[in-house]
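Computed over heavy atoms, backbone and side chain alike; hydrogens, waters and symmetry mates excluded.
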Amino acid sequence: TMTMKFFSALCILFTMNGISAHAATPTITSPPFLFKWGKRFPLLRCSETSLTNGAYANYYFPMYHPSSSASTTLCGGDPLNSFWMNVRQRTGNLRFTISGANPYNLYEVYWLPVADDPVTSRVLLGQFTTDSSGSGTDQFIRQISNAADATSGTIVNFWSTTGSTRDLGLFLVYSRGPYFDSETGQYNSQDGSDNTSLNNPILWGGSSGFSGIQYAGVLGYY
């Protein structure tokens with residue numbers, strides 16, 4: 001059985017500050033890594049990191065969002081008290097705890113190998129939802145197409161989904177908006193129930209984009 005070792009960074013500031021944004025292809029120069037051994041790692045609000053000052057903002061953002069400003073649209077504005085995630089070593093399941101996010105919200109999680117193109121190289125992992133207090137409805141990242149899937153959908157396997165066993169990369173979390181209206185008691189679905197497909201909009205309208213990052217964190221493993 002393969003044994004994996006994990007390390008995580010307390011924040012993603014090292015990632016973009018250590019990348020040259022003026023070369024044709026960004027390269028890592030000497031990022032000031034801050035490692036913390038362990039399987040549990042934090043995610044931060046995008047606006048609390050240096051993503052808006054590095055290569056994703058200066059090199060990739062003009063490529064995919066030429067009419068927008070990275071300083072105002074690269075990061076989203078969702079609130080957050082705390083967000084922790086871990087990858088179960090043997091099963092590859094992604095477990096998380098979150099508090100203080102937007103209530104009754106659908107979030108989508110991507111994996112991006114460090115310094116890679118944030119559109120063509122990202123891997124969709126799955127989704128999670130929040131409850132009335134902005135905490136997670138469930139403890140696992142799942143494949144969610146209807147509201148009931150938030151606690152019963154297929155649990156994501158990080159290893160098989162990414163096809164990777166040794167890497168360093170970013171978890172990027174995006175908002176797809178509210179999935180439930182507490183005033184009407186209706187879900188944002190075809191018939192208002194929790195077992196039909198959600199009507200939450202597809203990110204960037206299905207086009208090539210990566211703006212609106214809500215939360216981000218780093219994981220390395222080998």
Side-chain angles (χ1 to χ4, degrees), residues 7-36 41-80 83-85 87 94 96 98 101-102 107-128 141 158 161-164 166-177 201-221:
F7 53 92
S8 65
L10 294 178
C11 63
I12 59 175
L13 302 182
F14 71 86
T15 308
M16 293 300 99
N17 283 343
I19 296 180
S20 171
H22 42 72
T25 301
T27 57
I28 296 177
T29 54
S30 287
F33 291 114
L34 178 60
F35 290 125
K36 177 182 178 183
F41 57 94
L43 285 86
L44 306 176
R45 295 182 67 204
C46 175
S47 58
E48 297 173 341
T49 73
S50 62
L51 277 176
T52 56
N53 301 318
Y56 287 151
N58 298 325
Y59 178 81
Y60 287 114
F61 197 86
M63 181 188 306
Y64 291 107
H65 301 282
S67 60
S68 301
S69 169
S71 63
T72 57
T73 59
L74 175 59
C75 294
D78 282 15
L80 182 69
F83 193 171
W84 294 87
M85 191 181 293
V87 180
L94 285 165
F96 76 100
I98 189 172
N102 275 339
Y107 288 97
E108 195 154 273
V109 185
Y110 289 82
W111 168 254
L112 177 65
V114 71
D116 278 4
D117 188 303
V119 173
T120 61
S121 298
R122 68 182 174 217
V123 178
L124 173 60
L125 296 174
Q127 298 82 23
F128 68 89
I141 305 298
F158 180 77
T161 303
T162 64
S164 176
R166 182 184 180 96
D167 209 345
L168 173 68
L170 308 177
F171 284 92
L172 301 177
V173 180
Y174 294 89
S175 171
R176 288 182 55 193
I202 298 173
L203 293 173
W204 316 288
S207 63
S208 297
F210 69 99
S211 63
I213 301 168
Q214 301 294 344
Y215 315 122
V218 178
L219 176 70
Y221 53 91

Enquirer: Under 6.0 Å between ring centres: does that hold for Phe171 and Phe41?
Expert: yes

Enquirer: Considering non-hydrogen atoms only, spot the tightest contact between Thr52 and Ala70 and give its length.
Expert: CG2-O, 3.8 Å

Enquirer: Could you give me the CA-CA distance, side-chain angles and deciding distance for Val173 and Phe128, then say whether side-chain contact (heavy atoms from CB on, under 4.5 Å) is met?
Expert: CA-CA 10 Å; Val173 180; Phe128 68 89; 4.0 Å; yes

Enquirer: At what distance, to the nearest 0.5 angstrom, does OH of Tyr64 lie from CG of Asp117?
Expert: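 Spacing of OH (Tyr64) from CG (Asp117) equals 3.0 Å.
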
Enquirer: Of all residues at least two apart in sequence or in a different chain, which pass the side-chain hydrogen bond (donor to acceptor under 3.5 Å, both in side chains) check with Asp78?
Expert: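 Only Asn102, Tyr107 meet the side-chain hydrogen bond (donor to acceptor under 3.5 Å, both in side chains) criterion with Asp78.
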
Enquirer: Looking at every heavy atom in both Thr73 and Ser211, which two are closest together, and how far apart are they?
Expert: O-CB, 3.3 Å

Enquirer: When Tyr215 is tested against each of Ile98, Thr49, Leu44, Val109 for side-chain contact (heavy atoms from CB on, under 4.5 Å), which residue passes?
Expert: Ile98

Enquirer: For Tyr174, which residues count as a side-chain hydrogen bond (donor to acceptor under 3.5 Å, both in side chains) partner, sequence neighbours excluded?
Expert: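 side-chain hydrogen bond (donor to acceptor under 3.5 Å, both in side chains) list for Tyr174, sorted by chain: empty.
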
Enquirer: Could you tell me whether the side chain of Ser68 and the main chain of His65 form a donor-acceptor pair under 3.5 Å?
Expert: no

Enquirer: For Tyr221 versus Ser164, what's the shortest heavy-atom pair and its separation?
Expert: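 Reported closest heavy-atom pair: OH-OG, 2.9 Å.
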
Enquirer: Counting only N and O atoms by type, is there a donor-acceptor contact under 3.5 Å from the side chain of Gln214 to the main-chain atoms of Gly77?
Expert: yes

Enquirer: Using side-chain heavy atoms (C-beta onward) and a distance below 4.5 Å, is Arg122 in contact with Trp111?
Expert: no

Enquirer: To the nearest 0.5 angstrom, please state how far the OH atom of Tyr56 sits from the CG atom of Asp116.
Expert: 7.0 Å

Enquirer: Do Pro118 and Tyr110 make a side-chain contact, defined as non-hydrogen atoms from C-beta onward lying under 4.5 Å apart?
Expert: no

Enquirer: Work out which heavy atom in Cys46 is nearest to a heavy atom in Leu74; give both atom names and the distance.
Expert: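 That closest heavy-atom pairing would be SG-O, 4.4 Å.
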
Enquirer: When rounded to the nearest 0.5 angstrom, what distance separates CZ in Phe210 from CG in Leu51?
Expert: 9.0 Å

Enquirer: Measure the CD1-OG distance between Ile213 and Ser47 for me, rounded to the nearest 0.5 Å.
Expert: 11.0 Å

Enquirer: Measure the OG1-CG distance between Thr161 and Leu124 for me, rounded to the nearest 0.5 Å.
Expert: 8.5 Å

Enquirer: Got a second to check how far Leu219's CG is from Thr162's OG1, nearest 0.5 Å?
Expert: 9.5 Å

Enquirer: Nearest heavy-atom pair of Pro62 and Ala57: which atoms, and what distance?
Expert: CD-O, 3.2 Å

Enquirer: Between Arg176 (side chain only) and Pro201 (backbone N and O only), is there a donor and an acceptor less than 3.5 Å apart?
Expert: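 Confirmed, Arg176 side chain pairs with Pro201 backbone.
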
